[in-house]
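Note: hydrogens, waters and symmetry copies are ignored here, and every other heavy atom, side chains too, is used. By convention here, the first residue in the shown sequence is residue 1.
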Amino acid sequence: MTERTPSPGDESPLVVKETREQIEQTDEELGLTVEAPTAKADVKSRMREQAAGKAAQVRDTAKQAKQLLKEKAPDPVVDRATRTAAQVRSAASRAGELAASGAPGSLPERTGRVAAKAWTHRTPLFGVGAALVVLLVVRRGRRRR
């Protein structure tokens, strides 16, 4: 490009082309200038990108460690680890089934039965409660003397 200052009446195709190129270049520079702080300010996206990169790095390291362990560990150790892992999975599965089937339904049911019995026998319960309160008040009064 030649550095030429166009005169006010000079509108030749070369001058118009150069002016358009300068405008486009300035627009690009301004666009980059505006986008840079915006990209820096978007901390959430940058953190996600970094986390994704670190996660991939950890997965790769885990794969390498697993492969190295397979190569270096003696066969009896690998067999034992495999059996133990199967036992743990089986026990966890059984515990999950028991928790899903037994506990949630039976606990409220038992609580409801106890509450119903207590309501049926409320008069003796109130009497025992009142006697306990009287006993505690009398006992506390004796300690203060």
Side-chain angles (χ1 to χ4, degrees), residues 1-126 128-130 132-137 139-141 143-144:
M1 247 196 232
T2 59
E3 290 294 323
R4 186 172 84 112
T5 309
S7 62
D10 189 12
E11 293 191 14
S12 68
L14 182 62
V15 173
V16 171
K17 183 179 177 185
E18 286 179 4
T19 306
R20 283 190 180 145
E21 287 175 358
Q22 288 176 353
I23 291 172
E24 288 174 6
Q25 183 180 0
T26 305
D27 284 347
E28 286 178 22
E29 290 173 1
L30 286 174
L32 293 175
T33 305
V34 170
E35 290 173 2
T38 305
K40 285 183 180 179
D42 193 8
V43 176
K44 195 180 240 185
S45 294
R46 288 191 357 233
M47 289 297 136
R48 282 187 187 138
E49 289 173 9
Q50 286 180 356
K54 294 293 181 183
Q57 190 177 19
V58 167
R59 280 192 294 272
D60 291 342
T61 304
K63 285 180 184 177
Q64 290 173 356
K66 183 178 177 181
Q67 185 62 32
L68 183 64
L69 185 62
K70 280 185 178 179
E71 292 172 1
K72 300 289 180 177
D75 289 337
V77 172
V78 173
D79 292 342
R80 179 71 177 167
T82 304
R83 279 186 270 133
T84 304
Q87 289 173 350
V88 168
R89 278 193 294 272
S90 174
S93 174
R94 275 186 273 139
E97 290 170 4
L98 288 174
S101 66
S106 65
L107 185 60
E109 187 179 300
R110 288 180 192 163
T111 307
R113 279 186 277 160
V114 169
K117 283 184 182 179
W119 186 253
T120 319
H121 303 292
R122 64 183 174 269
T123 306
L125 283 175
F126 287 136
V128 170
L132 184 62
V133 169
V134 169
L135 177 69
L136 291 174
V137 169
R139 190 173 180 191
R140 188 171 190 184
R143 284 188 181 172
R144 289 191 177 176

message: Please enumerate all residues that pass side chain to side chain contact (heavy atoms under 4.5 Å, CB included) together with Arg48, with sequence neighbours excluded.
response: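 Expected list: Lys44.
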
task: For Ile23, check side chain to side chain contact (heavy atoms under 4.5 Å, CB included) against everything at least two apart and list the hits.
output: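 Expected list: Thr19, Asp27.
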
Sequence neighbours excluded and cut-off under 3.5 Å, please list the side-chain donor-acceptor pairs for residues 79-87, or say none.
{"unit_1": "Thr82", "atom_1": "OG1", "unit_2": "Val78", "atom_2": "O", "d": "2.8"}
{"unit_1": "Thr84", "atom_1": "OG1", "unit_2": "Arg80", "atom_2": "O", "d": "2.8"}

message: Apply side chain to side chain contact (heavy atoms under 4.5 Å, CB included) to residues Glu18 and Leu14 and explain how you reach the verdict.
response: CA-CA 6 Å; Glu18 286 179 4; Leu14 182 62; 3.8 Å; yes

query: Listed by chain and number, what are the side chain to side chain donor-acceptor pair (under 3.5 Å) partners of Gln67, not counting sequence neighbours?
result: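 With neighbours one apart ignored, the set is Glu71.
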
message: To the closest 0.5 Å, what do you measure between OG1 (Thr61) and CD (Gln57)?
response: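 Spacing of OG1 (Thr61) from CD (Gln57) equals 5.5 Å.
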
- request: Hey, could you give me the CZ/NZ distance between Arg20 and Lys17, rounded to the nearest 0.5 Å?
  value: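 These two atoms lie 11.0 Å from each other.
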
- prompt: Taking the side chain from Arg122 and the backbone from Trp119, do they hold a donor-acceptor pair closer than 3.5 Å?
  reply: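 Indeed, once roles are kept as given, a pair shorter than 3.5 Å links the two residues.
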
query: Looking only at atom types and distance, does a side-chain atom of Thr26 sit under 3.5 Å from a main-chain N or O of Gln22, one as donor and one as acceptor?
result: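 Checked: pair present.
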
